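Report on one structure; see the data block that follows.
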There are 4 protein chains.
Amino acid sequence: MQFYRVDEMADKKHERKKVLETFTKQDIMDAAIQVLTHHGIQGLTMDRVAKEAGVAKGTLYVHFKNKEQILKSAVESSFAPLVEELSNLLDSDLSPDKKLEGFTSRYLEYFDAHSDFLRVLLYDRQQAHAQSRRYRTNRYWTLVEKIAKVVEDGIRSSLFQPLDPSRIAVIFIETNVAVAIHRLWSKSPEQIEDDAALVSEMLLYGIATSRPQDEMKL
Amino acid sequence: MQFYRVDEMADKKHERKKVLETFTKQDIMDAAIQVLTHHGIQGLTMDRVAKEAGVAKGTLYVHFKNKEQILKSAVESSFAPLVEELSNLLDSDLSPDKKLEGFTSRYLEYFDAHSDFLRVLLYDRQQAHAQSRRYRTNRYWTLVEKIAKVVEDGIRSSLFQPLDPSRIAVIFIETNVAVAIHRLWSKSPEQIEDDAALVSEMLLYGIATSRPQDEMKL
Amino acid sequence: MQFYRVDEMADKKHERKKVLETFTKQDIMDAAIQVLTHHGIQGLTMDRVAKEAGVAKGTLYVHFKNKEQILKSAVESSFAPLVEELSNLLDSDLSPDKKLEGFTSRYLEYFDAHSDFLRVLLYDRQQAHAQSRRYRTNRYWTLVEKIAKVVEDGIRSSLFQPLDPSRIAVIFIETNVAVAIHRLWSKSPEQIEDDAALVSEMLLYGIATSRPQDEMKL
Amino acid sequence: MQFYRVDEMADKKHERKKVLETFTKQDIMDAAIQVLTHHGIQGLTMDRVAKEAGVAKGTLYVHFKNKEQILKSAVESSFAPLVEELSNLLDSDLSPDKKLEGFTSRYLEYFDAHSDFLRVLLYDRQQAHAQSRRYRTNRYWTLVEKIAKVVEDGIRSSLFQPLDPSRIAVIFIETNVAVAIHRLWSKSPEQIEDDAALVSEMLLYGIATSRPQDEMKL
DNA sequence: AATGAATGAGAGTTCATTCAT
DNA sequence: TATGAATGAACTCTCATTCAT
């Protein structure tokens with residue numbers, strides 16, 4: 001029994017240490033997220049993370065090999081709940097179209113909830129400055145307006161559904177951007193014509209075979 | 001006459017200076033693009049740009065206020081031809097659906113043609129490493145596969161068109177990413193439900209009122 | 001009797017502690033030698049020593065005051081057997097010349113046997129790199145070759161014994177280095193002329209009064 | 001003539017810049033020597049060199065790629081005059097034995113003149129502390145005394161010349177150290193027996209065939 | 001206009017040492 | 001006695017920017 005108690009104590013000690021260690025590690029990752037949110041990727045410095053976490057700079061290296069690992073871990077941990085939720089949704093027994101609708105809802109919600117952090121993560125300050133504020137303002141919106149006008153033309157000539165032209169324009173252009181960027185990362189992207197055709201097919205006619213009956217009635 | 005000649009000379013000088021100045025400025029922007037392409041955003045240093053442009057470091061500051069302006073101008077100039085072309089397309093007298101199809105084709109072509117540069121510009125090296133290679137491999141593809149399976153289910157139950165499930169999955173997720181990111185940059189984004197509904201509407205049923213006749217025949 | 005037993009126990013405990021303590025201490029010194037051998041003086045870190053010794057970093061400070069003491073003790077202990085052996089040799093009843101011959105043999109053997117460790121100890125990595133590999137290659141060997149040529153001249157003109165010129169040159173230059181370095185550490189070195197004369201005397205004519213008879217016969 | 005003057009001015013400018021550049025570079029190397037001398041190799045930090053040279057830390061990297069290059073250049077430049085002088089001596093038309101005598105004299109003189117710097121260069125602080133002061137005091141001198149006693153025995157029994165025993169002992173042991181260390185750096189050292197025999201041969205009988213006449217007379 | 005040496009703040013990282021447990 | 005997380009000063013090196021020429 002004495003032995004048992006000693007064992008128990010050792011266990012507790014070990015457990016407590018583990019917990020403390022996890023606390024500090026989490027503190028550091030939280031601090032990294034804070035710093036990222038407020039200073040951007042370029043502003044993510046070890047000094048700032050340490051100060052924000054309330055530890056010495058050297059302590060960061062007790063828990064992480066280097067800056068890259070802190071960034072990676074922080075991002076990883078911040079995305080984990082979303083991925084978990086989306087996985088569960090996709091694995092559920094809803095109908096396929098409801099799954100996709102739910103996916104979009106949940107995805108947008110998550111981005112809204114973490115917008116400050118994600119804005120900075122996806123486009124770091126320098127880019128944000130150079131690209132979003134300037135590029136998007138000047139050229140981007142010109143294009144969006146032109147596309148909106150095309151959509152309006154389409155609606156007027158009964159070619160397109162009567163949907164909000166400027167929002168359609170934004171989704172259209174963003175989808176193009178997204179697919180283009182996706183091709184950048186593919187080792188062997190599809191033929192351009194095939195991807196272009198698929199995108200046009202989806203955006204123009206959708207992937208559904210027909211509209212649900214209740215919508216048809218309207 | 002003397003006056004006239006002096007004036008003329010001054011004019012010529014001025015003109016020549018303008019041209020030379022433009023040359024150097026363009027050289028510097030071209031050099032910046034080269035450096036960006038080969039070294040990434042983090043590797044875009046004034047030293048490298050100066051060396052690549054074949055001028056002294058101090059000269060960069062004669063033509064640009066600071067590094068940010070060089071980056072901005074270089075990116076601006078590299079996107080100009082695409083925007084020009086797309087604008088012309090959208091202003092042409094093609095039918096609205098042909099315009100949108102053409103837009104997608106041209107957009108993807110441009111990204112393919114400048115992939116090295118754009119890859120670096122959109123996701124700098126550090127992010128590319130941390131995000132694309134890791135994030136996308138682990139979590140991203142799990143999601144893509146799950147979505148592909150959902151699409152497959154939809155096709156099997158005749159809910160969806162018989163399109164390549166995994167490519168549809170990629171376009172679907174990328175569109176969601178794109179719209180979510182777009183909301184990040186909007187000062188006053190739409191209600192989530194509205195954006196979500198619109199995305200689902202577009203992806204499922206498209207924006208067209210009906211398929212063109214020649215496709216109907218198939 | 002109780003008192004006696006307690007005393008005895010205390011004694012045993014004390015003894016056991018001493019032994020254990022010695023074990024750990026030796027483990028640490030051995031670990032230090034290992035680390036020195038494989039990572040050089042600059043690479044001798046408390047982290048590495050602790051890991052190699054299989055103890056925690058803090059434990060090092062239980063047994064040694066600081067890093068310097070570990071290094072000192074480790075070096076001390078690694079030289080002890082050589083010094084012991086050489087002392088015995090010099091205290092033996094061999095003839096003086098045999099003692100000196102034996103000294104040299106034993107000395108060189110020891111260095112050969114522990115070459116990895118000693119190389120690192122005598123010239124740490126940085127120096128080894130900067131000095132030995134570069135300095136010796138470029139300048140040193142030029143000098144050695146020049147001296148070898150001088151020795152060759154001497155042999156040709158029957159001034160010197162017919163001994164391998166390049167090895168003589170190396171020993172000659174190294175002896176000069178050695179004596180020069182020795183003077184660096186002497187608090188009050190001899191007059192330069194005296195040391196120089198003595199070195200020349202030794203290298204040219206040796207310290208023996210005459211060659212042994214058996215060699216004379218040859 | 002105008003042209004000539006312009007050319008001349010350009011030349012002068014260029015020349016002046018070159019000279020200034022050389023000045024700063026030399027300043028840095030001199031500063032490095034100073035820092036080495038006073039703080040040892042471990043104490044050679046870029047901060048100290050910059051401060052000593054009276055330039056900003058960043059300036060060091062304008063003239064040298066990194067710390068290693070500063071160290072290398074400084075050492076190189078500090079040894080250059082000695083090597084030059086020794087080379088000249090060895091290339092002169094003195095007799096071989098005079099050359100060797102001169103070599104030793106000059107070598108020792110140089111070390112005496114730069115003792116502070118060389119002490120630090122050859123054995124950095126940590127070693128100097130750990131090795132020279134302690135090792136040499138305790139064990140080294142015990143050995144030297146024992147060897148001196150052996151030499152004394154040899155002299156008493158007319159086996160050795162009547163030379164100062166303790167200085168002979170030092171030279172003897174240093175020569176052994178030198179040859180042993182030299183073997184450490186040789187890729188394929190001679191057989192131990194051969195090197196040992198050669199060292200003994202040299203130290204006992206020298207390399208000369210006979211003593212010069214004038215010495216014989218004494 | 002063009003140069004490029006000089007700057008200096010600040011980056012990421014290392015590591016001997018301390019101390020509460 | 002043994003631990004190992006925490007420290008923080010010190011390290012090498014980078015780089016946008018300035019300025020005398």
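This one's a predicted model, so the numbers in the text were calculated from it and none came from an experiment. Convention: sequence-line order gives letters A, B, ...; per-chain numbering from 1.
Nearest nucleotide to the side chain of C:Lys67, out of E:dA16, E:dT3, F:dT17: E:dA16. Closest to the side chain of D:Val62, out of E:dA11, E:dA16, E:dA5, is E:dA5. The nucleotide whose nearest atom lies closest to any side-chain atom of A:Thr59 is, among F:dA2, F:dA6, F:dT14, F:dA6. Relative to the side chain of D:Lys57, the nucleotides E:dG10, E:dA2, F:dA2 differ in distance, and E:dG10 lies closest. Across E:dA2, F:dC13, E:dG8, the shortest atom-to-atom separation from the side chain of B:Thr24 is found for E:dA2. When each of F:dA16, E:dA2, E:dA16 is scored by its nearest atom to the side-chain atoms of B:His63, the top-ranked nucleotide is E:dA2. In this structure, the nucleotide among E:dC15, F:dT12, F:dT17 sitting nearest to the side chain of C:Thr45 is E:dC15.
Close to E:dT14, at under 4.0 Å from its OP1 or OP2, lies no side-chain N or O of A:Tyr61.
The CD1 atom of C:Ile33 lies 11.5 Å from the CD1 atom of C:Ile70; values are rounded to the nearest 0.5 Å.
The shortest heavy-atom contact between D:Ala32 and D:Ala74 is CB-CB, 4.1 Å.
Nucleotide E:dT21 forms a pair with F:dA2, judged by Watson-Crick or G-U wobble geometry with both contacts under 3.5 Å. The base-pairing partner of E:dA9, taking Watson-Crick or G-U wobble contacts with both distances under 3.5 Å, is F:dT14. Nucleotide E:dA1 forms no Watson-Crick or G-U wobble pair with any nucleotide shown, as no partner meets the under 3.5 Å limit on both distances.
The nearest heavy atom of DNA chain F to A:Leu60 and to D:Gly43 marks one nucleotide each, and the one closer to the 5' end goes with A:Leu60. Nearest-nucleotide positions on DNA chain E place B:Ala56 closer to the 5' end than the other of B:Ala56 and A:Lys65. Positionally, the nearest nucleotide of DNA chain F for D:Asn66 lies more toward the 5' end than for the other of D:Asn66 and B:Gly58.
Using a 4.5 Å heavy-atom threshold, the side chains of A:Arg48 and A:Lys51 count as separate. Residues B:Ile41 and A:Gln42 have side chains in contact (heavy-atom distance under 4.5 Å, counting atoms from C-beta outward).
Atom CZ in C:Arg48 sits about 19 Å away from atom P in F:dG4, given to the nearest Å. Rounded to whole angstrom, the span from the CD1 atom of C:Ile70 across to the C1' atom of E:dC15 amounts to 13 Å. Atom-to-atom, CG of D:Asp47 to P of F:dA9 comes out at 14 Å; the value is rounded to the nearest Å. Here F:dT1 presents its P atom at 12 Å from CD1 of C:Ile28, a figure rounded to the nearest Å. Separating the NE2 atom of B:His39 from the P atom of F:dC15 is a distance of 11 Å, rounded to the nearest angstrom. For the pair B:Met46 CE and E:dT3 P, the computed distance is 14 Å after rounding to whole Å. Following rounding to the nearest Å, A:Phe64 (CZ) and E:dT14 (C1') show an atom-to-atom distance of 18 Å. Going from atom CD of A:Gln69 over to atom C1' of E:dT13 covers 14 Å, rounded to whole Å.
The closest side-chain donor-acceptor pair between A:Asp30 and A:Gln34, if any, does not fall under 3.5 angstrom.
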*Would you sort out whether C:Leu71 and C:Phe64 count as a side-chain contact (heavy atoms from CB on, under 4.5 Å), showing the intermediate values?*
CA-CA 10 Å; C:Leu71 176 60; C:Phe64 296 89; over 6 Å; no
